[in-house]
There are 2 protein chains.
Amino acid sequence: MSITSDTLRGHTDAIILTRLLAGDSYGYAINKGVQECTGGAHSFKEATLYTAFRRLEENGLIRSYWGDEGSGARRRYYAITAEGRQACRQHVEEWESTKHLLDAMLSDA
Amino acid sequence: MSITSDTLRGHTDAIILTRLLAGDSYGYAINKGVQECTGGAHSFKEATLYTAFRRLEENGLIRSYWGDEGSGARRRYYAITAEGRQACRQHVEEWESTKHLLDAMLSDA
DNA sequence: ATTATATACATTGACAGGCGAGGTATATCG
DNA sequence: CGATATACCTCGCCTGTCAATGTATATAAT
């Protein structure tokens, strides 16, 4: 059973940015990483993923460049920018407080 | 500083249902309750709130009826149904796992 | 050779939830 | 009489997700 994507909405960008903190990567690998770190419970739909990349780049939070693989399918690599790091930190902070708020709002007190 | 509503999206219905677990209530009061239990950090926009009520009733998770206040503005009361309780429990369960997943996905491991 | 599977990227159009902006009505306080 | 709080409602826009569809390379199986 996977997670309702509505509850993940709004976290997509931050999840991707977090993945890029460790170093440049490309779409397919990033998604595999997400899959791995959630024990297979979540991965992005391709449309969602690539839409997010466009959005993030438009907002200056990532940069992209084509890799120079000798063989195999081409890969577009992404690098997080300084602004991206900042945005990521901020989102994680916000997540911490959202978490507590939601815990409060979803508890039958 | 309030919470980005995108990160709350998908929780709206469950938050309302949770509020109704304690007993029947009406829109304005429900929203006040949310405000209170979050220390003022969150409350629903009216459009969001009433849209949610319609949706919840369509889905059979709540029932509604007009109160018989002798004076003052009329109030439409809402009652959670058995299905609503079930849906609420399920959402809270899902929230627990989503929370852990997000913690994992937002941690720079 | 052909088929299947994994890797890898991309776009289009539909859909759903949140909400700004606007509206209605009652009661109280100054 | 006007302001504020209570109390409800709807229309139409915006944004993020995703099913469907398309392209291309490499490998393993049939």
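Just so it is clear: chains get the letters A, B, ... in the order the sequence lines come, proteins before strands, and each one is counted from 1.
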Spacing of [X] atom [atom1] relative to [N] atom [atom2], expressed in whole Å:
| X | N | atom1 | atom2 | answer |
| --- | --- | --- | --- | --- |
| B:Lys45 | D:dT10 | NZ | P | 20 Å |
| A:Glu58 | C:dT11 | CD | P | 11 Å |
| B:Leu49 | D:dT10 | CG | P | 13 Å |
| B:Tyr28 | D:dA7 | OH | P | 7 Å |
| A:Ile30 | C:dC9 | CD1 | P | 8 Å |
| A:Asp6 | D:dG16 | CG | C1' | 9 Å |
| A:Phe53 | C:dC9 | CZ | C1' | 10 Å |
| A:Leu8 | C:dA16 | CG | C1' | 16 Å |

For the side chain of B:Glu46 and the base of C:dC19, is some donor closer than 3.5 Å to an acceptor across the two?
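Side chain to base: no pair present.
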
What about B:Arg9: does its side chain form a donor-acceptor pair under 3.5 Å with the base of C:dG17?
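Checked by distance alone, the answer is yes.
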
When you measure from the side chain of [X], which nucleotide among [options] comes out closest?
| X | options | answer |
| --- | --- | --- |
| B:Lys32 | D:dC9, D:dC18, D:dT6 | D:dT6 |
| A:Thr51 | C:dC9, D:dT17, D:dC9 | D:dT17 |
| A:Ala47 | D:dA19, D:dC9, D:dT17 | D:dA19 |
| B:Arg55 | C:dA10, C:dG17, D:dC9 | C:dG17 |
| B:Trp66 | C:dT26, D:dC9, C:dA8 | D:dC9 |
| A:Thr48 | D:dA5, D:dT17, C:dC19 | D:dT17 |

Is the gap between the ring centers of A:Tyr26 and A:Tyr78 under 6.0 Å?
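No, they do not, as the ring centres are separated by 6.0 Å or more.
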
How would you label the contact of A:Phe44 with the nucleic acid (heavy atoms, under 4.0 Å): base, sugar-phosphate, or nothing?
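It contacts nothing in the nucleic acid.
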
Under the 3.5 angstrom rule, does the side chain of [X] hit a backbone N or O of [Y] as a donor-acceptor pair?
| X | Y | answer |
| --- | --- | --- |
| B:Ser97 | B:Glu94 | yes |
| A:Asn31 | A:Phe44 | yes |
| A:Thr18 | B:Ser107 | no |
| B:Gln35 | B:Ala41 | no |

Output yes when at least one side-chain N/O atom of B:Tyr50 is less than 4.0 Å from OP1 or OP2 of D:dC8, else no.
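Looking at the OP1 and OP2 atoms of D:dC8, one of them is under 4.0 Å from a side-chain N or O of B:Tyr50.
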
Side-chain N or O of A:Tyr26 versus OP1/OP2 of C:dC9: is the shortest distance under 4.0 Å?
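No, outside the criterion.
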
Do the side-chain N and O atoms of B:Ser64 and B:Arg76 include a donor-acceptor pair separated by under 3.5 angstrom?
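There is such a pair (donor and acceptor under 3.5 Å, judged by atom type) between the side chains of B:Ser64 and B:Arg76.
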
Nearest-nucleotide wise, let me know which of A:Gly10 and B:Tyr77 is further upstream toward the 5' end of DNA chain D.
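So the residue in question is B:Tyr77.
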
Residue mapping more 5' on DNA chain D - nearest nucleotide basis, A:Thr12 or B:Arg54:
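Closest to the 5' end, via its nearest nucleotide, is B:Arg54.
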
